[in-house]
Amino acid sequence: MLALTELTGWNVAYIRIGIEAFVLLAGWLLGGPVSFGTFLFCVTIGSIAGLALPQCQKVASRLLGPAAGTRMQGLSR
């Protein structure tokens, strides 16, 4: 997910939603059950990850020091 974010420059939320949609489609094509809850998870988990990841990076940079924060700067968009 983070590698795709760095490669494309897209937001983490959009990458995560795309990954989840691909997995949902693959599971459905393989005969797995798809219901409202499955679809709801697919749509919302990307937004949640997009909101939570920058917050987690701030906490990690505070705990690990300023050197760790500079390495993670490229991942927050």
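No hydrogens, no waters, no symmetry mates; every other heavy atom, side chains included, goes into these values.
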Check: residues 25-51 side-chain donor-acceptor pairs under 3.5 Å, at least two apart:
residue	atom	partner	partner atom	Å
T44	OG1	L40	O	2.8

Calculate, to the nearest 0.5 Å, the distance between atoms CG and CZ belonging to N11 and R16 respectively. 13.5 Å
Common cluster, I19/Y14, ILVMFWY with side-chain heavy-atom separation under 4.5 Å: no
So, do I15 and T8 sit near enough that their side-chain heavy atoms are less than 4.5 Å apart? yes
Same cluster (ILVMFWY, side-chain, under 4.5 Å), V23 and I17: no
Where at least one partner belongs to residues 22-41, residue pairs that pass salt bridge (Lys or Arg N to Asp or Glu O under 4.0 Å), sequence neighbours excluded: none
Roughly how far, to the nearest 0.5 Å, is NZ of K58 from CG of L63? 14.5 Å
